[in-house]
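The analysis underlying the following values was restricted to heavy atoms, covering all of them including side chains, and did not include hydrogens, waters or symmetry mates.
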Amino acid sequence: MGVRTVTRPRRPPTLVLCAVAGAVLLRVILCAAAMTAPERCREPDSADYLELARNLRLTGAYARNGEPELFRTPGYPAFLALLQSGFVGPEAGLTFALLIQVAADIALCLLLWYWGANLIGRQLNGGAAAFAVVWQAAAGVSAVFACKLLSDSLYAVLLLGALTAAATAVTADERARRGNPAALTAGLLLGIGWLWRAVTGPFVIVPVAALLFRRQWRRALILSLAALLIVAPWILRNRCAAGFTGVSTVAAINLYRYNAALLLAREHGIGFAAEQARIDAELAACPDQAAAARLALRRGRAAIL
C-alpha cells in the first residue's frame, strides 16, 4: 500500500512576517490620524453609503429621496447600518467599521501568502506570493482606503476568499470530497460579493467556465446556483420595486458618463468635465433611476457604436 503524503501549509518566511508587521504599523498610524477628524474618513462615495445606511437603519427601506436605490448595491450600506444599530451607537459604529476594515486589509497580506504559496507555490516556490504580500503591505492606496468609509478593503478580502474556494473547486480531483463544499463556498461568497459591488459578475463567470471546461458539471451547477441564490432576491426586489431587471444600474450609468463621454466630448468639441455635466443634467431629468439607466444604456451604446 502506498503512503499518503499530507502537504502542510507553508510557513511565511521572515520577509513576509516583516512585511505584515510593516502593514500593521502603517495602517495603525493612518487610522489614528484619520480618526482625529471625521472628514478624513470621508470620500464623495461615503456620503451615499452613509445616507443609505441611515435610511436603512431608521426606516428599513433601502432608498434615497423616497425612491428605491438601484445604483449602489446594498452590501456595504447594510454592513454600516448593522454596526450603527448595535449597542455602540451610530458614531461608534462607524469607528468600529473602520477598525474592521483596517484589520481586514492587514489580514489580506497573510491571505495572499497562504493563497499563493499553497495553491501555486510548487510552481513558483512562493516567490510570487511573497512579492504580492510585500506589494500589498506597502500599498499606500490600499492602506488609505482602509481608513475611509468605502467598500474596497472588505470587498478585497471577500473576493480573495471566493477565488481561493473557486480555485480549490477547480483543481480538486473528481473524487475529492472538498470539491463540492469548495464550490458551494465560492458561490455563496461570490453572491455576497455581487451584492457588495456589482463588478463581481465576471468573477462568477470565470470559475464556472473553468469548471465546465474540466467537465466538473456538478461543481459548476453548485457554484452557479449558490451565487444566484444570494443575488436573485435582490434582482426580484429591483424588478418589483422599480421595474429594473438587474443587480445595479452602475454599469449603464458608467458606460454613458465615462466611456461614451470621452467620445462625445470630442464630437461636441468640449472638455470631458463639461460633457459629463451635460450627461448628469440629462440623467437627472429622468423620472427615476430605472429610466436613467435605460437612457444611459441606449445613449452610451449608440455613442460607442
Side-chain angles (χ1 to χ4, degrees), residues 45-46 48-50 52-53 56-57 60-62 68-86 93 96-108 110-112 114-115 142 145-146 148-170 178-211 219-239 241 244-251:
D45 287 352
S46 303
D48 288 351
Y49 291 134
L50 290 171
L52 290 167
L56 186 61
R57 176 168 51 90
Y62 192 70
E69 176 64 17
L70 300 175
F71 185 77
R72 302 281 182 192
T73 47
Y76 188 64
F79 165 75
L80 295 179
L82 179 63
L83 292 181
Q84 289 183 296
S85 299
F96 194 36
L98 292 175
L99 294 177
I100 292 175
Q101 291 178 189
V102 169
D105 202 54
I106 295 169
L108 186 60
L110 284 174
L111 290 174
L112 281 170
Y114 283 111
W115 187 82
S142 179
F145 274 39
K148 294 182 179 291
L149 292 170
L150 296 171
S151 63
D152 304 68
S153 299
L154 293 173
Y155 178 74
V157 176
L158 185 65
L159 184 60
L160 184 58
L163 294 181
T164 301
T168 301
V170 171
R178 68 180 185 277
N180 291 342
L184 177 62
T185 301
L188 293 175
L189 290 177
L190 286 169
I192 296 171
W194 213 341
L195 294 182
W196 206 272
R197 300 191 73 163
V199 73
T200 308
F203 292 107
V204 178
I205 297 172
V206 170
V208 170
L211 288 168
R219 294 177 191 174
L221 182 62
I222 290 173
L223 196 156
S224 303
L225 290 180
L228 291 176
L229 181 66
I230 299 294
V231 177
W234 179 251
I235 297 176
L236 182 61
R237 172 265 188 191
N238 290 344
R239 181 64 185 175
F244 174 77
T245 304
V247 176
S248 168
T249 62
V250 64

Gap separating the [atom1] atom of [X] from the [atom2] atom of [Y], nearest 0.5 angstrom:
{"X": "L158", "Y": "W196", "atom1": "CG", "atom2": "CH2", "value": "7.5 Å"}
{"X": "L82", "Y": "L56", "atom1": "CG", "atom2": "CG", "value": "9.5 Å"}
{"X": "K148", "Y": "D45", "atom1": "NZ", "atom2": "CG", "value": "11.5 Å"}
{"X": "Y76", "Y": "L50", "atom1": "OH", "atom2": "CG", "value": "8.0 Å"}
{"X": "W234", "Y": "N238", "atom1": "CH2", "atom2": "CG", "value": "5.0 Å"}
{"X": "I235", "Y": "I230", "atom1": "CD1", "atom2": "CD1", "value": "12.0 Å"}

Check whether any side-chain N or O of T168 sits under 3.5 Å from a backbone N or O of A182 as a donor-acceptor pair, and report yes or no.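 No; judged by distance alone, with no hydrogens or angles, the pair does not exist.
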For the pair S85 (side chain) and R57 (backbone), establish whether a donor and an acceptor sit closer than 3.5 Å, ignoring hydrogens and angles.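 Here the side-chain-to-backbone pair does not exist.
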Heavy-atom count around F96 CZ within 6.0 Å, excluding the residue itself: above 12?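 Atom CZ in F96 is not crowded, with 12 or fewer foreign heavy atoms closer than 6.0 Å.
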For L70 and F244: C-alpha separation, side-chain torsions, deciding distance, then whether side chain to side chain contact (heavy atoms under 4.5 Å, CB included) applies. CA-CA 8 Å; L70 300 175; F244 174 77; 3.9 Å; yes
For [X] and [Y], work out which heavy atoms get closest and say how close.
{"X": "A97", "Y": "L80", "answer": "CB-CD2, 3.8 Å"}
{"X": "A146", "Y": "D105", "answer": "CB-CB, 3.8 Å"}
{"X": "A53", "Y": "A81", "answer": "O-CB, 3.5 Å"}
{"X": "P207", "Y": "A166", "answer": "CB-CB, 3.8 Å"}
{"X": "T73", "Y": "S248", "answer": "CG2-CB, 3.9 Å"}
{"X": "P77", "Y": "L52", "answer": "CB-CB, 4.0 Å"}

Output every pair passing side chain to side chain donor-acceptor pair (under 3.5 Å) with a member in residues 222-231, not counting sequence neighbours, ordered by first then second residue. none
Is any side-chain heavy atom of [X] less than 4.5 Å from a side-chain heavy atom of [Y]?
{"X": "R237", "Y": "P68", "answer": "yes"}
{"X": "Y155", "Y": "T200", "answer": "yes"}
{"X": "R72", "Y": "Y62", "answer": "yes"}

What's the verdict on side chain to side chain contact (heavy atoms under 4.5 Å, CB included) for D152 and R197, showing C-alpha distance, side-chain angles and the deciding distance? CA-CA 9 Å; D152 304 68; R197 300 191 73 163; 3.2 Å; yes
List the steps, then state whether side chain to side chain contact (heavy atoms under 4.5 Å, CB included) holds for L190 with L159. CA-CA 7 Å; L190 286 169; L159 184 60; 4.3 Å; yes
The test is side chain to side chain contact (heavy atoms under 4.5 Å, CB included); show your working for N180 and L184 and say whether it passes. CA-CA 6 Å; N180 291 342; L184 177 62; over 6 Å; no
